[in-house]
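Report on one structure; see the data block that follows.
Any value given below was found using the heavy atoms of this structure, including those in side chains, with hydrogens, waters and symmetry copies removed. Within every chain, numbering begins at 1; the chains are lettered A, B, ... in the order of the sequence lines, protein sequences first and strands thereafter. These numbers come from a predicted model, not from an experiment.
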Number of protein chains: 2
Amino acid sequence: MRVPRANSREKILAAAADVAREAGPGSLSLEAVASRAGVSKGGLLYNFPTKAKLMQGLVESYLSDFQKALEARATEAGHESVLSAYIKLSADDCERPKPSASWMFSAIAEDPDFLTPIKAFKRQLFERLKGETDDLGSLLVCFLAIEGMRSMNLFDSDVLSEDERKLLVSSLLKIAG
Amino acid sequence: MRVPRANSREKILAAAADVAREAGPGSLSLEAVASRAGVSKGGLLYNFPTKAKLMQGLVESYLSDFQKALEARATEAGHESVLSAYIKLSADDCERPKPSASWMFSAIAEDPDFLTPIKAFKRQLFERLKGETDDLGSLLVCFLAIEGMRSMNLFDSDVLSEDERKLLVSSLLKIAG
DNA sequence: TTTACTGTACCGGCTGGACGGTCTTGTCAA
DNA sequence: TTGACAAGACCGTCCAGCCGGTACAGTAAA
């Protein structure tokens, strides 16, 4: 793929995420994204010929970022399990001020099928974790608790306090062994 | 409040949930809801003067149903804790073929603030559970795992198999004590 | 009993506006 | 000069909300 005059693609993807977060998932119009990215509507549609392609781009970049981050954590400290890496990575993600995936609601509103790759990725990750442990019950609890944490973060629910989340993470790490 | 000729309100709320589930959260138009409910658009707008009021109605009826179901479970078998009741209730909810809250994405797309009452409800429930146990860590893990289960159900992720979910629930009940 | 009036419940066409996507024109680097 | 790319006016579509109308139940005066 040729590189654009300026790498508009990433700017646009970031802008889309920002708009979804700040203006609400229902207000993710192409015009808003273009304006936010400092690009004209025509320019946006040049990079992403359709809104669906834009959503798809968001999903793909999210997934590849996540994959890379997980791999980095899992290998950098070779002693810890993938599950521990996943727990810590998710905890860090949730501590960041901006929920990284608030665009997801826009994607769902557009077409729920956009999430199919994410579901597949999750199932794949789960299978990988299953091969790493012999206590399926504990794994399930951990995996779902992380899912819950991520979901709360996504919904912008400040239901848990800072301390509670820290306690949760340490409890999960203990269960993960 | 006078009772309507037929209780259209509930019919409309149910229809809205159905449309959101089947046509996708982005296709929740007033016309679609009215048609599904066997009511004209004018009739719908008579009962819910604005789309926002309809969403609000969905949230309120969801919350009151949930509250009632939880109370019923918690008192019917007085021996079990509220946490156990919550776990079992959520497990049953997730086993039902139709996700009961798929309208939530429509509400979020419309305006994320619609979820405020739900967040408040969750926090309130969590506080209540905190008063029931002395092991905050375990409670956190359970609470978040349930959240994860509900979220997966909401996203229609069949990431977990039937057996896995059963194992998860039994593990949670064991942790809950 | 009849007739006229009132308020409730509901109908469905209409409109103004927003949005997605196209098309033509402009621009700049090579 | 050329072609990759940006700009933004433009068009068709869709939808929320409005509004004038209809049907009907209750009431009450005649």
Partners passing side chain to side chain contact (heavy atoms under 4.5 Å, CB included) against Asp93(A) (at least two apart in sequence or in another chain): Phe66(A), Leu89(A), Arg96(A), Arg150(A)
Ser29(A) (side chain) donor-acceptor with Ala32(A) (main chain) under 3.5 angstrom: yes
ring-ring contact (aromatic ring centres under 6.0 Å, His included) involving Phe155(A) - partner list, sequence neighbours excluded: Phe105(A)
Side-chain N or O of Tyr46(A) closer than 4.0 Å to phosphate OP1/OP2 of dA6(D): no
Stretch residues 102-110 of chain B: residues that reach within less than 4.0 Å of DNA chain C through a heavy atom: none
Atom-pair distance (NZ on Lys53(A); P on dT22(C)), nearest Å: 12 Å
Residues which pass side-chain hydrogen bond (donor to acceptor under 3.5 Å, both in side chains) with Lys130(A), listed by chain and number, not counting sequence neighbours: Glu164(B)
Rounded distance in Å - CZ (Phe48(A)) to P (dG20(C)): 15 Å
Any Ser40(B) side-chain N or O less than 4.0 Å from OP1/OP2 of dC11(C): yes
Test side chain to side chain contact (heavy atoms under 4.5 Å, CB included) applied to Lys51(A) and Leu30(A), Asp111(A), Leu44(A), the passing residue: Leu30(A)
Residue-phosphate contact under 4.0 Å: Thr50(A) side-chain N/O, dG20(C) OP1/OP2: no
DNA chain C contacts made by residues 21-36 of chain B, counting heavy atoms under 4.0 Å: none
Sidechain-backbone polar pair: Asn47(B) side chain, Gly43(B) backbone, donor-acceptor under 3.5 Å: yes
For atom CZ of Arg9(B) and atom P of dA9(C), their distance in whole Å: 12 Å
Residue met sooner reading DNA chain C from 5', once Leu45(A) and Val39(B) are mapped to nucleotides: Val39(B)
side-chain hydrogen bond (donor to acceptor under 3.5 Å, both in side chains) contacts in which one or both residues fall within residues 61-70 of chain A, not counting sequence neighbours: none
For atom NZ of Lys51(B) and atom P of dC15(D), their distance in whole Å: 9 Å
Donor-acceptor pair, side chain of Ser170(A) and main chain of Leu167(A), under 3.5 angstrom: yes
Any donor-acceptor pair under 3.5 Å from Ser27(A) side chain to Ala23(A) backbone: yes
Rounded interatomic separation in angstrom, taking CG from Leu44(A) and P from dT22(C): 13 Å
Check: dG21(C) base within 3.5 Å donor-acceptor of Lys41(A) side chain: yes
Phosphate-side-chain proximity, Asn47(B) and dC10(C), N/O vs OP1/OP2 below 4.0 Å: yes
Between dA9(C) (P) and Lys11(B) (NZ): distance, integer Å: 14 Å
Short side-chain N/O contact to dA9(C) OP1/OP2 from Ser8(B), under 4.0 Å: no
